[in-house]
Chemist: 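Got a structure for you, written out below as C-alpha cells; questions coming shortly.
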Amino acid sequence: MGYEFRFKYTSQWNASTSKAVEMFNAYKCEDSDWKVSDIKLSAWKKKMCSDIGGPMLAVKKADLARFPTLYDSTKDLRIYVATIGNSGNITSPTDNAGPGWTTPGSVDFEIKSAFDYGADSAKFEDILKNGYVQGEDCFMSGDEDGDGTSDCSDWDCQYSSKCSGMGVNAVNYTDTSSPLVTGVKIEEYTNAALIMYDTNKPTNGTLELYGYGDTQCLNKTNDIYDIGILKPSSIRAYKTWHTAVIYETSDTIGGKNVSINWPLVAGSSYNYKIKVCDANGKCAISRCSSFKTASTSQKCSYCNFVTRIKAPSGWSVAYDVNRDGIYEHVQGAVCGPNAGMKTNYTSGRKVNIKIYNSDSSVYIEFLNASLTKSGLNDKVSTVSSSGSIIHDTTKNIVGLNSETRDKIVNNLHPEACRIKIPLASGAVCNTLYHCDDNGANCVDRTVAAGGAPVDAANCVWNVPYCEFSTYKTSDASGGTTTAGGGGGGSASSSGLGEITGEKSFDIDLYQNVNFNVSGAEHTITLKNMTNTSITVSIKSVAQIATLSIEESRNIDLDSDGTADISVKLNSINYNGKFAKLTISKISSATGTSQADGSIGTGNAVDGGSQSGETSQTSAGAGNLGIVILIVLVILAVIAVVIILAIKYYNR
C-alpha cells in the first residue's frame with residue numbers, strides 16, 4: 001500500500017516475574033512483500049510514561065539511511081499506526097490513526113536562540129547573514145528567498161491576493177509537509193521575556209508555559225497566544241512570524257489572556273514548549289525547553305537600548321511611544337541626524353512608527369509595533385538603500401520592496417499598517433490597488449482594506465494585513481479589478497457600492513460585503529465553504545444559496561418574481577478561507593423570473609442551473625406533466641384489462 005517499512009512492538013505482562021516482556025520486529029518492503037530487516041528498534045520508556053502516556057517506537061535515522069532506495073531523510077514521512085489489545089487482531093485492531101504525514105524536524109525539536117553563542121550556523125544561516133528571515137515576493141517572478149520554490153508555489157504566498165486557486169492553493173494540490181520553526185530569538189528581562197519565532201509556512205503559534213521547576217513540561221499553567229490568534233480580523237491567524245510576550249497583565253482579547261497575570265521572578269528558569277499548526281491542521285511542537293530571566297537590571301542586556309531606523313535620503317522617522325496619535329519623537333531632530341531614540345523593553349512593547357517623505361505628501365505608518373534590541377539589529381534597521389521605500393510620483397505609487405517589508409514587518413511585528421497615497425491630478429481616492437514594485441499587475445484590495453479610506457481627504461488607507469509591495473488609488477492601468485479579501489477569519493463589513501454592470505471581489509469566510517442595486521442596500525455573507533462549493537446568505541430579505549465553482553445563480557432581491565442580479569462563484573481558496581465571486585446586474589428587459597430558476601424570498605437552495613440554462617425550465621416542466629398524465633392513463637387501461645382477464649378465468 002505504498003509503505004517502505006513496517007515496525008511491530010509487543011509488550012506482555014508476566015505476572016510471575018512482575019515484568020513486561022517486550023518484542024521488537026522490523027520489516028522492509030521487498031518484491032511487494034514484507035521481509036525481516038535488522039533495523040534496531042527500541043521503546044523510550046521515559047517518554048512513554050511521562051510525555052506520551054502510551055506506547056511508542058524509536059528508530060535511528062542512520063539505520064533507515066542504510067536503505068537509500070526506501071528512505072530519504074529530506075522527504076516527508078507518511079505514517080499509519082494501529083494498536084491491538086487483548087481482544088484485537090492484526091486485521092481488526094483495537095485502535096488506529098492515520099495515514100498522516102509528518103516532516104522530519106517538526107516533532108520534539110530543539111529550541112535555541114539564533115543569537116546565542118554557538119547557535120547552529122546552518123540552521124540559522126538566513127538570520128545570521130541577513131539579520132532577518134527573507135520571504136518570497138509574490139508579485140515578482142523568481143525565487144527571492146532561495147528556498148527552491150517561487151511565487152504562488154511558495155508557502156509564503158499562500159494568502160497572497162495574487163495566488164487565488166494557484167500554486168499551493170490549487171484545488172488538486174496535496175500538502176504533505178508539517179510546519180517547521182526556522183528561527184528563534186529570545187530576550188530575557190528581569191520580570192518578563194520575549195520569544196520571537198519564524199516558520200517556513202503560515203501557521204498559528206502558541207507558547208505553552210509550564211510550572212516552575214517542571215523540567216519535563218508535564219503540568220501546563222498558561223497558553224500564550226501569538227497576536228494572530230488574538231486579533232485574526234486585522235492580523236492573519238496563519239503567518240510566518242510569531243511572538244510570545246511573557247509579562248504580567250490582566251488584559252484579554254476575545255476572551256483570551258494576552259499573557260500571564262503574574263510577574264516572572266528575576267534570575268529564575270521557566271520551562272515551555274512552542275506549538276505551531278498550519279491551516280490544514282498539521283502541527284509541530286518543540287521539546288521541553290527553558291529560558292532564564294536576568295538576575296538584575298544591570299545584567300539585563302536586552303532591557304535598555306537605542307532604536308534607530310536608517311531611512312533613505314529625504315525620508316524621516318517619527319515615534320509615537322504612548323500611541324496617542326501625536327508623534328512626539330522625530331528621529332535625529334534633537335541630538336543630531338545620527339542619533340536614535342533611547343527606550344526600554346516595557347515602553348517599546350507597543351509603539352507607533354511613521355516613515356514619511358520631506359513634504360509629508362506620502363507616509364507609511366506601523367501601528368502597535370514592537371521595538372526590541374534583537375528585532376532592530378543593525379542589519380534590520382538599515383532601510384536606506386536605493387528602492388527600499390518605493391515612491392514614484394509619475395505612477396503615483398508608494399510602498400516597500402520585499403526586503404524592507406521583511407525587515408520591518410517580520411521584526412517589528414506591527415498589528416496594523418497605514419499608507420498615505422499620492423493622488424494624480426483629478427483622481428478620486430475611492431479604490432485601493434495592490435501592485436508590484438513597478439506599479440503594475442494590480443489587484444483591487446478595497447474590500448479587504450475596509451471598503452473605504454481611513455481619511456479620504458488625504459487618501460490614507462489601511463494596508464490589508466500589512467502586505468506590501470506598492471499601493472495606488474483611482475487608476476489601476478496594467479492590473480486587474482478584482483476586489484481582494486483573502487482569509488481574515490472574523491466577520492467584518494465592507495462595501496462594493498452600486499452594482500451597475502459586473503463586479504468581482506474576494507470574500508472571506510464569515511465576512512459581510514455590502515452592495516447596492518438601484519439604490520437599495522443588500523448584504524452577501526460567506527457562511528460556509530468546502531474545497532468545491534460555498535454557501536452564501538443574501539439579505540435584505542434573507543435567502544441562501546450553495547454554489548459550486550463556475551456556477552452562477554440568479555437572485556430576486558425584492559420578491560417581485562424577477563431576478564435582479566446573478567452571483568457566480570469563480571474560485572475557492574480553501575486554505576486561505578476566502579472565495580472569489582462576481583455579482584452582475586440583470587436588466588429588467590432580460591431579467592429571469594423566479595419560475596425560471598432564480599432564488600425567491602426565503603428559499604434554501606442547494607443546487608441550481610447554470611446561467612443561460614434556466615430558460616428551458618418552465619417548458620420542460622409542462623412537457624413532463626403531459627408525459628406523466630399519458631403514462632397514468634395507460635397504466636389505468638392495463639389495470640382494467642388485467643382485472644377483466646382474472647374474472648374471466650375464474651368462472
Chemist: Grab the two heavy atoms, one from Ser259 and one from Ile224, that are nearest each other, plus how far apart they are.
Modeler: OG-CD1, 4.3 Å
Chemist: For Asp406 and Gly135, indicate whether the former's side chain and the latter's backbone hold a donor-acceptor pair under 3.5 Å.
Modeler: yes
Chemist: When you measure from the side chain of Thr190 to the backbone of Ala266, do you find a donor-acceptor pair of N or O atoms at a distance under 3.5 Å?
Modeler: no
Chemist: Say you draw a straight line from CG of Leu367 to CG of Asn462; how long is it, rounded to the nearest 0.5 Å?
Modeler: 8.0 Å
Chemist: Run the side chain to side chain contact (heavy atoms under 4.5 Å, CB included) check on Tyr71 and Glu4 step by step: do they pass?
Modeler: CA-CA 8 Å; Tyr71 173 73; Glu4 284 73 32; over 6 Å; no
Chemist: Roughly how far, to the nearest 0.5 Å, is the NZ atom of Lys28 from the CG atom of Leu70?
Modeler: 7.0 Å
Chemist: For the pair Val258 and Tyr247, evaluate side chain to side chain contact (heavy atoms under 4.5 Å, CB included) and give the outcome as yes or no after the intermediate values.
Modeler: CA-CA 9 Å; Val258 170; Tyr247 70 107; 3.9 Å; yes
Chemist: Side-chain donor-acceptor pair under 3.5 Å between Tyr327 and Glu365, yes or no?
Modeler: yes
Chemist: Out of curiosity, Ile274 CD1 to Ile111 CD1, how far, rounded to the nearest 0.5 Å?
Modeler: 3.5 Å
Chemist: Within the side chain of Gln134, is there an N or O that forms a donor-acceptor pair under 3.5 Å with the backbone of Glu144?
Modeler: yes
Chemist: Could you tell me how the ring of His329 sits relative to the ring of Tyr319: parallel (under 30°), tilted (30 to 60°) or perpendicular (over 60°)?
Modeler: tilted
Chemist: Once rounded to the nearest 0.5 Å, what's the spacing between atom CG of Asp108 and atom CD1 of Ile285?
Modeler: 9.0 Å
Chemist: Keeping the roles fixed (side chain from Thr296, backbone from Lys299), state whether a donor-acceptor pair exists under 3.5 Å.
Modeler: yes
Chemist: Is there a donor-acceptor contact under 3.5 Å from the side chain of Gln331 to the main chain of Ile309?
Modeler: yes
Chemist: Could you tell me if the side chain of Pro179 sits less than 4.5 Å from the side chain of Lys201, heavy atoms only?
Modeler: yes
Chemist: Kindly give the heavy-atom pair with the smallest separation between Phe7 and Leu64, and that separation in Å.
Modeler: CZ-CD2, 3.9 Å
Chemist: What are the two closest non-hydrogen atoms of Asp214 and Asn219, and how far apart are they?
Modeler: OD2-N, 2.7 Å
Chemist: Which label fits His242 and Tyr197: parallel for a plane angle under 30°, tilted from 30 to 60°, or perpendicular past 60°?
Modeler: parallel
Chemist: Under 3.5 Å, side chain of Asp143 to main-chain N/O of Gly148, donor-acceptor pair present?
Modeler: yes
Chemist: Does either side chain, that of Ser73 or that of Lys61, offer a donor lying less than 3.5 Å from an acceptor on the other one?
Modeler: no
Chemist: If you apply the rule side-chain hydrogen bond (donor to acceptor under 3.5 Å, both in side chains), what do you find for Asp151 with Ser153, and how did you get there?
Modeler: CA-CA 5 Å; Asp151 303 328; Ser153 296; over 6 Å; no
Chemist: Between Tyr345 and Tyr302 (judged by ring centroids, cut-off 6.0 Å), do the two rings come close enough to count as a pair?
Modeler: no
Chemist: If you measure SG to SG, does Cys157 sit under 2.5 Å from Cys138?
Modeler: yes
Chemist: I need the minimum non-hydrogen distance between Arg323 and Asp320, along with the two atoms involved.
Modeler: N-OD1, 3.0 Å
Chemist: Sub-3.5 Å donor-acceptor pair from the side chain of Thr293 to the main-chain atoms of Gly267, do we have one?
Modeler: yes
Chemist: So Ile246 and Tyr272, do their side chains get closer than 4.5 Å, heavy atoms only?
Modeler: no
Chemist: With a 3.5 Å distance limit and no angle check, can you tell me whether Ser106 reaches the backbone of Ser178 through a side-chain donor-acceptor pair?
Modeler: no
Chemist: Please give me the minimum heavy-atom distance between Ser160 and Phe139, naming the atom from each residue.
Modeler: OG-CE1, 4.2 Å
Chemist: Can you establish whether the number of heavy atoms outside Lys350 located under 6.0 Å from its atom NZ is more than 12?
Modeler: yes
Chemist: Any side-chain donor-acceptor pair under 3.5 Å between Thr103 and Asp76?
Modeler: yes
Chemist: For the side chain of Asn169 and the backbone of Cys163, is there at least one donor-acceptor N/O pair under 3.5 Å apart?
Modeler: yes
Chemist: Any side-chain to backbone donor/acceptor pair from Lys162 onto Cys152? Under 3.5 Å, distance only.
Modeler: no
Chemist: Tell me, do Phe291 and Ser269 make a side-chain contact under 4.5 Å, heavy atoms counted?
Modeler: no
Chemist: With a 4.5 Å limit on heavy-atom distance, are the side chains of Asp147 and Trp155 in contact?
Modeler: no
Chemist: Return the minimal non-hydrogen interatomic distance between Met196 and Ser374, and the atom names on each side.
Modeler: CE-OG, 3.3 Å
Chemist: Arg236 versus Tyr159: any side-chain heavy-atom pair under 4.5 Å?
Modeler: yes
Chemist: With side chain to side chain contact (heavy atoms under 4.5 Å, CB included) as the criterion, how do Lys273 and Tyr210 come out once you've worked through the C-alpha distance, each side chain's angles and the decisive distance to 0.1 Å?
Modeler: CA-CA 8 Å; Lys273 289 184 178 183; Tyr210 291 82; 3.9 Å; yes
